[in-house]
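What follows is a single structure, written as structure tokens, with notes after it.
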Amino acid sequence: MAQRRAITGRSQEPRQRFAEELRTLRAASGTSLRALGERLGWDWSLFGKMEKGETLGSPEVVQALDTHYGTPGLLLALWELAAGDHTQFRERYRRYMALEAEAVSLWHFAVSVLPGLLQTPGYAREVLTAGGLRGKELDQQVDARMGRRELLDGEQAPPFRTILSEAVLRTPLRDVGEWREQLEHLADMTERPNVRVHVLLQSAGVHGLLSADVWYLLLPEGRTVAYTENGYQGELIEEPSPVVRLQKTYDAVRDLALTPAESRKFILRRLEEVTCDRQT
């Protein structure tokens, strides 16, 4: 069968096609980004990022653009295709992994699951299984996750700081033995000179990092990138302005968390509770 050709010459990748259509429509209208922002009531830089494919924007923004350009439903339909295309997230994650390997320092915030760099094989397997992986693919992903842990080994290992929401340590594995092993490993990791673990108690209340895990990587050339992730997708953020905002939010959350010493004590208490539960 002959390979299908793109008749229009436009991108067949949903996210790129959406960004391309935005650029084409604005160029045809002769409107600058700044003027577009003034007319629609959003910061003009948002439209610039959407046209570069750095962000998709919200449905409300896209509907406003559809109205402005006189393309009822067209942009929203392209937006839905782009938002539902998960191949973009896999590609972005691969790029994140490449940057992680280069990082000279890492920061992290966990909403409900321990970061892969601190997971045991048993923990990783149960978490990945809960996410739907099975068989050979599951084994491969567990091995890959364990391979990532080597990043924190050796004399040249970068400093790593993580803030763990209390929920992370209140959500046990089904296998009590595996859960105990994970807590023991976490306690051991807190003793490493390049690892800092903070626990954010639930009593700290509402904060700015409630909705997603966030990674921050300081790269050799001095710039910082961020990667936000929930259970369905991830986003690599490289633009300086949003990264700075996320860093400030991270610093504010860290101020609410327990110190590394207090956090280690909290982890050891959880370990004692698991031991007591197992003996009764």
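Position 1 is the first residue of the sequence; numbering continues from there.
At distances below 3.5 Å, not a single donor-acceptor pair connects side-chain atoms of Tyr227 with backbone N or O atoms of Met97. Put simply, the side chain of Arg149 gets close to the backbone of Gln119: a donor and an acceptor are under 3.5 Å apart. Between the Thr71 side chain and the Thr67 main chain, no donor and acceptor come within less than 3.5 Å of each other. With Trp79 contributing its side chain and Gly57 its backbone, the two residues share a donor-acceptor pair below 3.5 Å. With Glu137 contributing its side chain and Arg134 its backbone, the two residues share no donor-acceptor pair below 3.5 Å. Within the 3.5 Å criterion, the main-chain N or O of Glu262 finds a donor-acceptor partner in the side chain of Thr259. In terms of modelled atom types and a separation under 3.5 Å, the side chain of Ser165 and the main chain of Val168 share no donor-acceptor contact. Remark: side-chain polar atoms of Asp66 are paired, donor with acceptor, to backbone N or O of Leu76 under 3.5 angstrom.
With respect to Arg269 and Glu273, no salt bridge is recorded, no charged nitrogen being found less than 4.0 Å from a carboxylate O. A salt bridge is absent between Arg148 and Asp143; no separation between the charged side-chain nitrogens and carboxylate oxygens falls under 4.0 Å.
For Phe109, the ring pair (Phe, Tyr, Trp, His ring centres under 6.0 Å) criterion is met by His207, not counting sequence neighbours.
Annotation: side chain of Val62 is not in contact with side chain of Pro59 (no heavy-atom distance under 4.5 Å). The closest side-chain heavy-atom distance from Leu75 to Leu25 is below 4.5 Å. Looking only at side-chain heavy atoms (C-beta outward), Ile267 and Val197 come within less than 4.5 Å of each other. Residues Glu126 and Arg174 are in side-chain contact: their nearest non-hydrogen atoms beyond the backbone lie under 4.5 Å apart. Contact check for Arg15 versus Leu81: no side-chain heavy atoms found under the 4.5 Å cut-off. When side chains are defined from C-beta on, Phe266 counts as touching Glu166, because their heavy atoms get closer than 4.5 Å. Put simply, the side chain of Leu106 reaches to within 4.5 Å of the side chain of Pro158, judged on heavy atoms. Put simply, the side chain of Leu186 reaches to within 4.5 Å of the side chain of Leu164, judged on heavy atoms.
In the hydrophobic clustering of ILVMFWY residues, with side-chain heavy atoms under 4.5 Å counting as a link, Val127 and Leu138 come out apart. Under the 4.5 Å side-chain heavy-atom criterion for Ile, Leu, Val, Met, Phe, Trp and Tyr, Leu133 and Tyr123 are members of distinct hydrophobic clusters. Taken together through direct or relayed side-chain contacts under 4.5 Å among Ile, Leu, Val, Met, Phe, Trp and Tyr, Leu173 and Leu128 form parts of separate hydrophobic clusters. Under the 4.5 Å side-chain contact rule for hydrophobic residues, Leu219 and Val244 do not share a cluster. Val142 and Leu114 are assigned to two separate hydrophobic clusters, defined by single-linkage of ILVMFWY side chains at heavy-atom distances under 4.5 Å.
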Q. Leu74 and Tyr69: side-chain contact (heavy atoms from CB on, under 4.5 Å), yes or no, with the steps?
A. CA-CA 10 Å; Leu74 170 64; Tyr69 291 127; over 6 Å; no

Q: Under the side-chain hydrogen bond (donor to acceptor under 3.5 Å, both in side chains) rule, what do Thr190 and Arg264 come out as? Steps first, then yes or no, please.
A: CA-CA 7 Å; Thr190 64; Arg264 175 175 168 77; 2.9 Å; yes

Q.
Please determine whether side-chain contact (heavy atoms from CB on, under 4.5 Å) holds for the pair Leu200 and Leu258, giving the CA-CA distance in whole Å, both sets of side-chain angles, and the decisive distance to 0.1 Å.
A. CA-CA 6 Å; Leu200 180 68; Leu258 299 178; over 6 Å; no

**Q.** Evaluation steps, side-chain contact (heavy atoms from CB on, under 4.5 Å), between Met50 and Leu65
**A.** CA-CA 11 Å; Met50 291 171 69; Leu65 287 168; 4.0 Å; yes

Q: Walk me through it: do Arg145 and Gln141 pass the test side-chain contact (heavy atoms from CB on, under 4.5 Å)?
A: CA-CA 6 Å; Arg145 189 160 294 189; Gln141 289 301 313; 5.8 Å; no

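No donor-acceptor contact under 3.5 angstrom links the side chains of Thr120 and Glu181, judged on distance only. Counted by atom type alone, His198 and Arg161 present one or more donor-acceptor pairs between their side chains at under 3.5 Å. Neither side chain, Glu21 nor Thr24, offers a donor N or O lying under 3.5 Å from an acceptor on the other. For the 3.5 Å distance criterion, the side chains of Arg245 and Ser241 qualify, holding a donor opposite an acceptor.
Each of Glu238, Glu100, Arg95, Glu239 was scored for a side chain to side chain contact (heavy atoms under 4.5 Å, CB included) with Val225, with one residue passing: Glu238. None of His108, Met189, Arg196 except one satisfies the side chain to side chain contact (heavy atoms under 4.5 Å, CB included) rule with Phe160; the exception is His108.
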Listing, residues 211-218 side-chain donor-acceptor contacts under 3.5 Å, not counting sequence neighbours, or none:
residue, atom, partner, partner atom, Å
Asp213, OD1, Val111, N, 2.8
Tyr216, OH, Leu246, O, 2.8

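If you take CZ on Phe47 and CG on Leu36, they are separated by 4.5 Å, rounding to the nearest 0.5 Å. We find the OH-CD distance between Tyr96 and Glu235 to be 14.5 Å, quoted to the nearest 0.5 Å.
Residue pairs meeting the salt bridge (Lys or Arg N to Asp or Glu O under 4.0 Å) criterion with at least one member in residues 27-37: none, sequence neighbours excluded.
Heavy-atom contacts from other residues, nucleotides or ligands closer than 6.0 Å to CD of Glu191 number more than 12.
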